[in-house]
Amino acid sequence: MEPAKPRIAFLIISIVVIISDGLIFRGLAEGVTFEEAKQLRDEVSGMFYHAFDGYMDHAFPRDELKPLSCEGEDTLGGYALTLIDSLDTLALLGDKDRFTSSVEWISKNLRFDINKTVSLFETTIRIVGGLLSAHLIASDYATGMRIPSYDDELLHLAEDLARRLLPAFDTPTGIPFGSVNLLHGVDENESKITSTAGGGTLTLEFGVLSRLTNDPIFEEVTKNAVRGIWARRSRINLVGAHIDVFTGEWTQKDAGIGTSIDSFYEYLLKAYLLFGDEEYLYIFQEAYGAAMHYLFHDPWYVEVNMNSAALVWPLFNSLQAFWPGLQVLAGDIDPAIRTHTAFFSVWKRYGFTPEGFNLASFSVQHGQKSYPLRPELIESTYWLYKATRDPRYLDVGRDIVTSLQYGARCTCGYCHISDVEFHKQEDHMESFFLAETVKYLWLLFDLAAGPDNLVENGPYKYIFSTEGHLLPMTPKISLAHEHCLYLGAYCKANNFGQEYPRSYILKDDMQMQATNNSRFQRSLGSSSYVTQYGLYKTTSISGIIKGLCPGLTHEQKYGLSYVPSPPTVHEDGPTAQRENDAGQTQSMVMLHVSNEVNEESTLTN
């Protein structure tokens, strides 16, 4: 069987530029008038303010709103989570008064020196990402939302919080713990098991922070975590769902594009697009090719064993719905269209997408009947409409608005749906409803009405984080250190010996002091750091790499290596043979992708 042929190397940049500039199908979708699009856009704006005002009136400054009882609850750290997550949505809607007052309150009142154990993943994407996005908007006159009195307070808060998260990365593999205490670091009894998404979805926020603070430690630890996960991939370039951060052993070997893995793929591509780092592009190409070959059963995606590719679950879970949107960014639109159609058919069936839908019985998976206001299907709808201007996606958006208005709207906001078959409401509203769900819906209809917003008409192209936060492709972020450099290799280009940017040269008196009981300590130079488990060396400085290093494989350029898992008893016999066969098949996949980018690629075993 021939492997899937994702032609992404030459398409990624062009498709992003074309989509961003709106050059594809400029005409408005047939059957939808400008007035109708504006009405839907305004209705979505009303949805946002119904939920936001409900939170501010009844829950603030607690983390999230209980929309049925009109009360607040602390679900992450007790620091106004929903307000922080909503900041760039306020800016996107052009609400300068609310945006300004919210930024000023956070600047004066928010502190992170608290005895709370928090999720590394959720804190990074919701809080660090929300603060950075709002900082980049509030500090820049070009956005039209500049706050005159603002003095980088949100950036300082984001940096303080990120430093309190650093102890999580102090592991033998470089893959971080899942949780960390903001005052005391990692508890000695903390679980050593983390998800692939939890360890590999931190690069955008931490990378932007490094560029804004001129401190590379944040980018280094998150990039090292990605390398730690990828080095432990299977021979067929699949990764599992959960891994031991100390031993590097996979504790759950189910490979898929949904729960526990989803945003690992997302951040590989988006880190390349935002930072221009070709190492992320290379890993994405390999990982995407394997996913399309082993997980794609057109138009659905399944879960398989990461070693043998044997089917584990014929299941659609709602987190998979981000995938068509990612494919649009990668330029692989045809399968994205087919998969989105299949995913939306589940929504049409129930009025919402359940957390799990069994593809064998074509029914809701037992124990996975809820819809917690997730944005992923809406996100993909927005990207597909932006790429194609096909009117069907406006119809999808209208149907989703109708479902939310009639099924999820409640007294003070919008409720979780605990059972999609009976539309039973639950007294909880996640902050991402305001950060993502209504944001993508509003962008969809504003695009159809003739866009007038920061994303479509602003001074920069934007990359959306996995929490929907706006990260601009400014020169300081995307062109931070543009040069030819592969550490450990010998480039023939004359500029190999050029100086590092001054921000990446650390003097003795600039070494980072240990904080929060962290055992992190900066070593001399920017390409290494010390933990209790020894010296970690980064093998490349991320950036847009220029020049050629002939004769080197990607693994040699980037210091990537494949770490085989030790054999286990239950994988002997026929299963082991399937793994061997799958490994041989993947060689063809890698050779094909290599031909696409005109470079050699081999596994260094």
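Atom CG of Asp452 sits in a sparse spot, with 12 or fewer heavy atoms from other residues, nucleotides or ligands closer than 6.0 Å. Atom NZ of Lys424 is surrounded by 12 or fewer heavy atoms from other residues, nucleotides or ligands within 6.0 Å.
Applying the disulfide bond (SG atoms under 2.5 Å apart) test to residues at least two apart or on different chains, none of the pairs has a partner in residues 112-142. Legend: side-chain hydrogen bond (donor to acceptor under 3.5 Å, both in side chains) pairs involving residues 193-202, not counting sequence neighbours, sorted by first then second residue: Thr201-Ser263. Listed by first then second residue, pairs satisfying ring-ring contact (aromatic ring centres under 6.0 Å, His included) with a partner in residues 101-131 read Phe60-Trp105, Tyr79-Phe112, not counting sequence neighbours. Sorted by first then second residue, the salt bridge (charged side-chain N to carboxylate O under 4.0 Å, His left out) pairs that include residues 410-420, not counting sequence neighbours, number zero. Contacts classified as disulfide bond (SG atoms under 2.5 Å apart) and involving residues 98-159 (residues at least two apart or in different chains) are not found.
Judged by distance alone, with hydrogens and angles left aside, the side-chain atoms of Gln368 form no donor-acceptor pair with the main-chain N or O of Pro354 at under 3.5 Å. At distances below 3.5 Å, at least one donor-acceptor pair connects side-chain atoms of Ser465 with backbone N or O atoms of Glu467. No donor-acceptor pair closer than 3.5 Å links the side chain of Ser86 to the backbone N or O of Thr89. At distances below 3.5 Å, at least one donor-acceptor pair connects side-chain atoms of Lys439 with backbone N or O atoms of Gly468. Judged purely by atom type and a 3.5 angstrom limit, Asn317 has no side-chain atom pairing as donor or acceptor with the backbone of Gly258. Not one N or O on the side chain of Ser45 forms a donor-acceptor pair closer than 3.5 Å with the backbone of Arg41.
For His423 and Tyr350, the ring centers are positioned 6.0 Å apart or more. Between Trp347 and Phe357, the ring centre distance reaches or exceeds 6.0 Å. For Tyr440 and Phe464, the ring centers sit closer than 6.0 Å to each other. Side-chain rings of Phe284 and Tyr265 stay apart, their centers remaining 6.0 Å or farther from each other. Not less than 6.0 angstrom separates the ring centroid of Tyr280 from the ring centroid of Tyr272.
No side-chain donor from either of Glu159 and Thr213 sits under 3.5 Å from a side-chain acceptor of the other. In this model, a donor atom of one side chain and an acceptor atom of the other lie less than 3.5 Å apart for Thr381 and His340. In summary, the side chains of Asn115 and Asn181 do present a donor paired with an acceptor at a separation below 3.5 Å, with no hydrogens or angles considered. If you check the side chains of Glu205 and Thr124, you find no donor sitting under 3.5 Å from an acceptor. Residues Ser380 and Trp323 have side chains that never bring a donor and an acceptor to within less than 3.5 angstrom of each other. If you check the side chains of Ser431 and Arg126, you find a donor sitting under 3.5 Å from an acceptor. A donor and an acceptor atom, one from each side chain of Glu355 and Gln365, are nowhere located under 3.5 Å apart. Residues Tyr462 and Glu456 bring no donor and acceptor atom of their side chains to less than 3.5 Å of each other.
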Stepwise side chain to side chain donor-acceptor pair (under 3.5 Å) check, Tyr414 with Gln405: CA-CA 8 Å; Tyr414 289 81; Gln405 290 287 63; 2.6 Å; yes
Run His416 and Gln425 through side chain to side chain donor-acceptor pair (under 3.5 Å) and show every step you take. CA-CA 6 Å; His416 279 202; Gln425 293 184 340; over 6 Å; no
Ring pair (Phe, Tyr, Trp, His ring centres under 6.0 Å), that's the test. Do Tyr385 and Tyr393 meet it? Break it down for me. CA-CA 6 Å; Tyr385 179 68; Tyr393 299 114; 7.3 Å; no
Show your working on side-chain contact (heavy atoms from CB on, under 4.5 Å) between Asp95 and Asp97 and close with a plain yes or no. CA-CA 6 Å; Asp95 191 340; Asp97 291 341; 4.1 Å; yes
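Applying the side chain to side chain donor-acceptor pair (under 3.5 Å) test to Glu71 and every residue at least two apart in sequence or in another chain returns nothing. In terms of the side chain to side chain donor-acceptor pair (under 3.5 Å) criterion, residue partners of Tyr150 (sequence neighbours excluded) are, by chain and number, His135. Partners of Glu426 according to the salt bridge (Lys or Arg N to Asp or Glu O under 4.0 Å) rule, which considers only residues two or more places apart in sequence or in another chain, do not exist here. Partners of Ser191 under the side chain to side chain contact (heavy atoms under 4.5 Å, CB included) rule, at least two apart in sequence or in another chain, are Ile193. Residues satisfying the side chain to side chain contact (heavy atoms under 4.5 Å, CB included) test with Thr411, not counting sequence neighbours, are Cys70. Considering only residues two or more places apart in sequence or on other chains, Asp85 meets the salt bridge (Lys or Arg N to Asp or Glu O under 4.0 Å) condition with none of them.
To the nearest 0.5 Å, the span separating CG on Leu65 from CG on Asp63 amounts to 12.0 Å. Distance check: Leu92 CG to Asn453 CG gives 5.0 Å after rounding to the nearest 0.5 Å.
A salt bridge links Lys348 with Asp399; the closest basic N to acidic carboxylate O contact falls under 4.0 Å. Remark: Lys223 engages Asp277 in a salt bridge, criterion side-chain N to carboxylate O under 4.0 Å.
Scanning all heavy atoms of the two residues, the minimum distance from Leu81 to Thr75 falls at CD2-OG1, 4.0 Å. Annotation for Phe275 and Val208: closest pair CZ-N, 3.7 Å, computed over non-hydrogen atoms.
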Can you give the donor-acceptor pairs under 3.5 Å from side chains of residues 151-158 to other protein atoms, not counting sequence neighbours?
from	atom 1	to	atom 2	distance (Å)
Glu153	OE1	Asp151	N	2.8

